[in-house]
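For reference, the structure discussed in these notes is given below.
Each ligand, and each atom within it, is numbered from 1 in the order the structure gives.
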Amino acid sequence: MDVELRVNGRVERLRLDPRVTLLDALRDRLGLTGTKKGCDRGQCGACTVHVDDRRVLSCLTLAGSAAGSRVTTIEGLARGDKLHPVQQAFIEHDGFQCGFCTSGQIMSAVAVLREGQARSAGQIREQMSGNICRCGAYANIVDAVRTAWAAEVTD
Ligand code: FES
Ligand code: FES
């Protein structure tokens, strides 16, 4: 099938098998490898991207179903040389070790802030519970999200 995707502000026209997931289309066809394949079955959150500003698991989303929607990946967050405030906060708080889960964590965190769901450490933990970190960097991840939240509410 022919699919037109709008990814990070660019229109991409692809010819795909209808069974191809959004994750595989992003990584294998568009070279956007910042989105990670962890489990490929909806259990780890490493593949989190935004479709029309809502976070989705791209391994459970067919590429064809995203046709006509706005898809944002980790590559689309920064503005030129200026990192997104959540990316900056992850760096400042060491919110990662190996980094494999990090793009998914950041995409989730951006959505959590947008949803107004980062009022406390407990709420952040609950809202990001679908993003697993095998390195156990959770404490620093929560600190990073709290810092980004504080910057947003005082902005
Ligand atoms: Fe999609 Fe794990 S790769 S949830
Ligand atoms: Fe290694 Fe999260 S930083 S899995």
Has E126 got more than 12 heavy atoms of other residues, nucleotides or ligands less than 6.0 Å from its CD?
no
Residue and atom names of protein N/O/S atoms that fall under 2.8 Å from atom 2 (Fe) of ligand 1:
C39 SG, C44 SG
Report the residues that fulfil salt bridge (charged side-chain N to carboxylate O under 4.0 Å, His left out) with D24, sequence neighbours left out, ordered by chain and then residue number.
K37
For the pair R19 and D17, find out whether any cationic side-chain nitrogen is under 4.0 Å from an anionic carboxylate oxygen.
yes
Is it true that T33 and R27 share a donor-acceptor pair across their side chains at a distance under 3.5 Å?
no
Between N8 and T73, do the side chains contain an N or O donor and an N or O acceptor separated by less than 3.5 Å?
yes
Neighbouring protein N, O or S atoms of atom 1 (Fe) of ligand 2 [cut-off: under 2.8 Å, no waters]
C98 SG, C135 SG
Once salt bridge (charged side-chain N to carboxylate O under 4.0 Å, His left out) is applied, do any residues pair with D2, and if so which ones, sequence neighbours excluded?
R15
Go through the steps to decide whether Q105 and C133 satisfy the test side chain to side chain contact (heavy atoms under 4.5 Å, CB included), and finish with yes or no.
CA-CA 9 Å; Q105 301 278 2; C133 175; 3.7 Å; yes
Quick one: which of H93, R146, M128, R125 gives a side chain to side chain contact (heavy atoms under 4.5 Å, CB included) with I141?
M128
Within the supplied structure, the quantity of interest is the number of heavy atoms (other residues, nucleotides, ligands) at a distance under 6.0 Å from R134 CZ; does it exceed 12?
no
